[in-house]
Amino acid sequence: MPDTDDRGGSRAATPAQTIGPFFGHALPVPDGGRIAPEGHPDAVTVHGLVRDGAGAPVPDALLEFWQAGPDGSLAGAPGSLRRDRATGALLGRDGAVFTGFGRVPTDAGGRYAVRTLRPAAAGRSNAAPYLAVCVHARGLLHHLFTRVYFPEHTAAHATDPLLAQLPEERARTLLARPDGPGRYRFDVQLQQSADGTFEETVFLAFR
């Protein structure tokens, strides 16, 4: 609605001034998709799409990944990305450079990718290894939490406290699928599509 000046005349409304897609502009860290140490022989790539309820890619989402290391340890340091702020280089901690943390924006096609190490289950013997994912995106009032499980751990999936209580079609939304040597595909569906083509990813509530 046009504003009016002090003489009653109309003038054009001033548009809101923002920085644009906030998540893609302000929050990414340099090289944030590299969780595994450079050149590590056991590194794998997890990649995929973030889609909305219409099945369209979301080009300004941001995903954070948190995980245990291959030995089940939690290597991150509370309150720190463990990266050099200028270069984005991973910082060592007790001689290790695996941080268990990554942060990546989606590109114009809604795609993301992280390079990491397969985790081991942390803390609970009946749990399957997973990557914890926090999803930020336009239109979300709150960020969303989900998980990426790996297909190699079929026996552990049967006893995992989360997967074991989900119907098969819902549990499938948390499973990455092989996509070539050392590669896994994991898509995030923010809402089930109206035609049922895309099943909404299981998202978790933390209390």
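- Under the 4.5 Å side-chain contact rule for hydrophobic residues, Phe198 and Phe203 do not share a cluster.
- Between Glu152 and Arg118 the shortest side-chain heavy-atom distance falls below 4.5 Å.
- Note on Leu49: it does not cluster hydrophobically with Leu175, by side-chain heavy-atom contacts below 4.5 Å among ILVMFWY residues.
- Judged purely by distance below 3.5 Å, without hydrogens or angles, the side chains of Asp160 and Tyr130 never pair a donor atom with an acceptor atom.
- Leu62 places none of its side-chain heavy atoms less than 4.5 Å from the side chain of Tyr112.
- Other residues, nucleotides and ligands place no more than 12 heavy atoms under 6.0 Å from the CD atom of Glu168.
- Between the CZ atom in Arg147 and the CZ atom in Phe186 there is a gap of 11.5 Å [rounded to 0.5 Å].
- Panel note: side chain Arg170, backbone Glu200; a donor-acceptor pair is recorded below 3.5 Å.
- Nearest heavy atoms, Pro59 versus Pro57: CD-O, 3.4 Å.
- Side-chain atoms of Val58 and Arg138, non-hydrogen and from C-beta on, do get closer than 4.5 Å to each other.
- For the residue pair Pro129 and Ala121, the shortest heavy atom distance occurs at CG-N, 3.7 Å.
- With hydrogens and angles ignored, the 3.5 Å screen pairs a side-chain donor or acceptor of Thr173 with a backbone N or O of Val202.
- Here the closest non-hydrogen pair linking Ala158 and Ala164 is O-CB, 3.5 Å.
- In this structure, the separation between OG1 on Thr106 and CZ on Arg111 is 9.5 Å, given to the nearest 0.5 Å.
- The minimum heavy-atom distance linking Ala113 with His47 is given by the pair CB-CB, 3.9 Å.
- When all heavy atoms are compared, the tightest approach of Ala156 to Ala128 is CB-CB, 3.7 Å.
- Using the six-membered ring where Trp is involved, Phe150 and Tyr184 have ring planes that are perpendicular, over 60° apart on the 30 and 60° scheme.
- Under a 4.0 Å N-O distance rule, the pair Arg185/Asp187 qualifies as a salt bridge.
- The closest side-chain heavy-atom distance from Pro119 to Leu131 is below 4.5 Å.
- Side-chain contact between Gln67 and Phe65 is absent, with no heavy atoms from C-beta onward closer than 4.5 Å.
- With Thr201 contributing its side chain and Val188 its backbone, the two residues share no donor-acceptor pair below 3.5 Å.
- For the pair Leu204 and Leu162, the minimum side-chain heavy-atom distance is below 4.5 Å.
- Taking CG of Asp179 as the start and OG1 of Thr45 as the end, the distance is 10.0 Å to the nearest 0.5 Å.
- Taken to the nearest 0.5 Å, the OG1 atom of Thr116 stands 11.5 Å off from the CZ atom of Arg34.
- Here the side chains of Val50 and Leu190 are in contact, with some heavy-atom distance below 4.5 Å.
- Nearest heavy-atom pair across Ala36 and Ala43 is CB-CB, 4.0 Å.
- Residues Glu199 and Gln189 fail the side-chain proximity criterion, which asks for heavy atoms closer than 4.5 Å.
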